Amino acid sequence: MRIAVCLKQVPSTNEVRLDPETHTILRDGRQSVVNPFDAHALEEAVRLKESLGGHVTAISMGIPAAETLLRDAVARGADEGVLLTDRAFAGADTLATSYTLAAGLRKAGPFDLILCGKMAVDGDTAQIGPELAQQLGLPHLTEVCEITPVGEGRARVRRLTQRGGQEVEVTLPAVLTLVREINTPRMPTLAGVRRGEAASIVRWGLAELGVDESRCGLKGSPTQVVRTFVPVRARETAFLSGDARSQAEQLLKIAGEVLA
Amino acid sequence: MSGLIIDRARCVGCGRCISACPAGALVLEEGTALVDRGLCTLCARCVDSCPVGAIAVERGSAGAADGWRGVWVFAQQEGGRPLPVALELLSRGRQLADALGEPLCAVAAGGGEGLTRPLLEQGADLVYLCPALSGDHRAEPAWPELLARLTAEHRPAVLLFGATPFGRSLAPRLAARLGTGLTADCTELDIDPDSRCLLQTRPAFGGNLMATIVCPDHRPQMATVRPGVLPVSPPCPRPGARVVRVEPPALPAPLTRVLGEWTADPSAAGLAGAEVIVTVGRGIGVRKNLALARRLAGLLGARLGCSRPLVEAGWLPYDHQVGQTGVSVAPKLLLAFGVSGAVQHLAGIAGAEHIIAVNTDPEAPIFSVAHEAVVGDCVEILREMIGILEEKTK
């Protein structure tokens with residue numbers, strides 16, 4: 001089974017710096033980590049490979065420093081790392097990102113399964129998975145919490161819905177976005193770290209992918225951030241006085257009024 | 001403007017695109033393929049099928065807004081009734097449509113009176129109803145087909161979805177198919193009076209910042225909107241409003257098949273829809289104090305949630321985690337005990353209507369969002385509250 005995992009490098013803190021003109025995140029690679037959701041996607045890919053045999057490709061679109069992330073993915077069990085990097089890719093919204101990622105996956109593939117984390121913690125959109133599936137013309141399922149390949153190019157998938165969950169059979173290849181409950185990511189072994197350090201990471205830019213520059217990066221992004229602002233917390237917080245007993249009484253009275 | 005382009009000089013008339021087209025939008029005329037733009041859904045299957053590369057999809061460009069009119073709401077339903085978020089979207093959609101001087105439409109499926117009446121009462125001028133389709137996640141693969149077709153036929157300027165799991169799966173699929181922009185999980189929508197563009201505002205970077213996003217050169221302008229944030233207006237039925245029935249899409253062999261469904265274990269956290277929530281954080285000190293929080297939650301009829309450190313410590317399972325990487329909650333009342341209020345956590349409780357916080361640290365960020373606050377030992381306050389409630393029930 002050939003599996004691709006999409007990984008994103010995200011800032012390790014929420015103290016991000018923004019480009020004052022385009023309002024997009026300035027990514028300088030400092031204090032960056034793998035998006036926590038994507039770590040679960042990588043783990044699931046490696047587990048599937050371990051039980052069924054196969055090959056895991058970790059792929060990311062990002063700045064050259066995102067190579068570290070792909071080495072780490074190899075350390076945790078991926079067989080190869082592919083970095084899509086080019087100045088023309090910068091400032092991409094979800095449409096441009098999914099277009100570029102789809103081109104990278106087509107070139108690196110074919111794959112039976114493409115796994116993504118449910119969303120990235122810096123953008124919070126959860127849009128890349130479904131947009132990627134559409135760009136590739138593949139079926140997709142979101143909120144996946146269990147994957148069981150059943151042979152004959154199919155997999156049985158359990159996913160979470162508002163009401164509870166669903167069991168769905170999907171024809172492969174397919175794009176699945178995973179929730180964090182699906183597994184617990186492993187730590188890399190010492191041998192793994194060495195493998196990661198020694199791995200040669202494939203780097204593809206605009207020319208290698210043969211993509212349409214007008215559909216990449218800021219140019220290829222239909223959405224534009226026009227304004228960012230600090231949310232007003234106009235709330236007047238009332239600090240309650242008195243001893244614990246009277247504070248508790250006041251809180252219960254307020255709770256009663258709110259719920260009345 | 002988006003549309004299918006056939007290079008008739010290059011076309012060899014092989015007819016492969018005609019068999020590939022699920023919408024029956026292509027015909028052979030004088031030995032070359034011709035597209036009926038009214039039927040074409042821009043699915044691009046023909047583009048892939050053409051052996052000579054004569055077919056392309058032209059994407060929207062400058063001046064793309066011309067000829068796109070109206071505000072559309074995807075009205076997700078459950079059990080034959082619209083979800084609350086559908087009515088929230090119609091309420092705000094009415095204001096947007098009025099600002100533009102354009103109609104408001106709802107798109108719904110399944111249905112009957114119980115579905116269409118609330119949509120009409122909430123101010124829709126038109127409801128497109130596809131009775132043959134189920135209006136929830138079971139019909140997931142059919143929805144992009146249907147909406148792509150209706151969008152190509154009627155060209156709405158704005159297309160809104162609830163940011164439910166279903167909406168957040170369907171909307172991006174459709175946006176990529178239409179080659180347009182999509183803004184996720186908005187909390188505010190407005191019309192810019194100068195450009196007539198949709199102003200889409202959403203929390204960014206864990207709620208540290210709000211970002212306003214526009215989609216100036218592509219149509220439709222698409223957004224998913226967080227449930228429980230926009231208010232529902234009083235009913236305002238429109239004169240002459242009507243329901244238009246539409247045919248279900250012709251689907252190729254389905255690539256996904258639902259084998260079964262289960263409803264969530266009621267003992268699971270159930271935080272997303274809860275009206276009252278008690279949350280606990282590191283400030284509760286030791287694990288056994290969780291029992292106090294549970295007891296209070298039981299007495300108040302509340303669900304129990306927590307901040308991330310308690311999940312990482314293994315005290316509570318992940319489905320209890322409230323915050324950016326956990327569950328976003330929107331209760332009427334949230335009582336936070338010993339929660340400091342990291343930005344990721346505050347992002348997840350932004351939808352709470354009323355917040356009460358107890359923490360020993362007077363500088364705790366949770367106090368900046370609390371309506372009432374107690375600076376003190378949360379374990380002591382928990383004990384007192386339980387004591388008072390237990391006395392009452394005796």
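Just so it is clear, the model here is predicted, and its values are computed rather than measured. Letters A, B, ... are given to chains in the order of the sequence lines, protein chains preceding strands, and every chain is numbered from 1.
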Thr148(A): what forms a side chain to side chain donor-acceptor pair (under 3.5 Å) with it, not counting sequence neighbours? none
Could you check which of [options] has the highest count of heavy-atom pairs closer than 4.5 Å to chain A?
options	value
Thr256(B), Leu259(B), Val375(B), Val276(B)	Leu259(B)
Ala175(B), Pro317(B), Ala370(B), Pro362(B)	Ala370(B)
Leu333(B), Ile388(B), Thr164(B), Ile356(B)	Ile388(B)
Arg202(B), Met385(B), His371(B)	His371(B)

Would Arg227(A) and Glu188(B) count as a salt bridge (charged side-chain N to carboxylate O under 4.0 Å, His left out) if you check the C-alpha gap in whole Å, the side-chain angles of each, and the deciding distance to 0.1 Å? CA-CA 13 Å; Arg227(A) 190 165 86 99; Glu188(B) 195 50 74; over 6 Å; no
Between the side chains of His354(B) and Glu372(B), does any donor sit under 3.5 Å from an acceptor? yes
Using distance alone, with no hydrogens and no angle criterion, decide if Gln321(B) and Arg308(B) have a side-chain donor and acceptor under 3.5 Å apart. no
Leu382(B) portion near chain A, given a 4.5 angstrom heavy-atom threshold: neither
What part of Leu300(B) is in contact with chain A, defined as an atom under 4.5 angstrom from a non-hydrogen atom: side chain, backbone, both or neither? side chain
Residue, of His140(A), Arg154(A), Glu181(A), Gln250(A), that accumulates the most heavy atom pairs under 4.5 Å with chain B: His140(A)
Determine the option with the most heavy-atom pairs under 4.5 angstrom with chain B, choosing from Leu240(A), Val170(A), Thr142(A), Thr237(A). Thr237(A)
At a 4.5 Å cut-off on heavy atoms, which part of [X] comes close to chain B: side chain, backbone, both, or neither?
X	result
Glu143(A)	side chain
Leu132(A)	neither
Leu95(A)	side chain

Heavy-atom nearest pair, Val358(B) first then Cys378(B), reads CG1-CA, 3.7 Å
Take a 6.0 Å sphere around CD of Glu257(A) and say whether it holds more than 12 heavy atoms from other residues, nucleotides or ligands. yes
Should the pair Arg177(B)-Glu145(B) be classified as a salt bridge under the 4.0 Å nitrogen-to-oxygen rule? yes
Within 45° cone and under 6.0 Å: Arg158(A) NZ/CZ vs Trp262(B) ring: yes
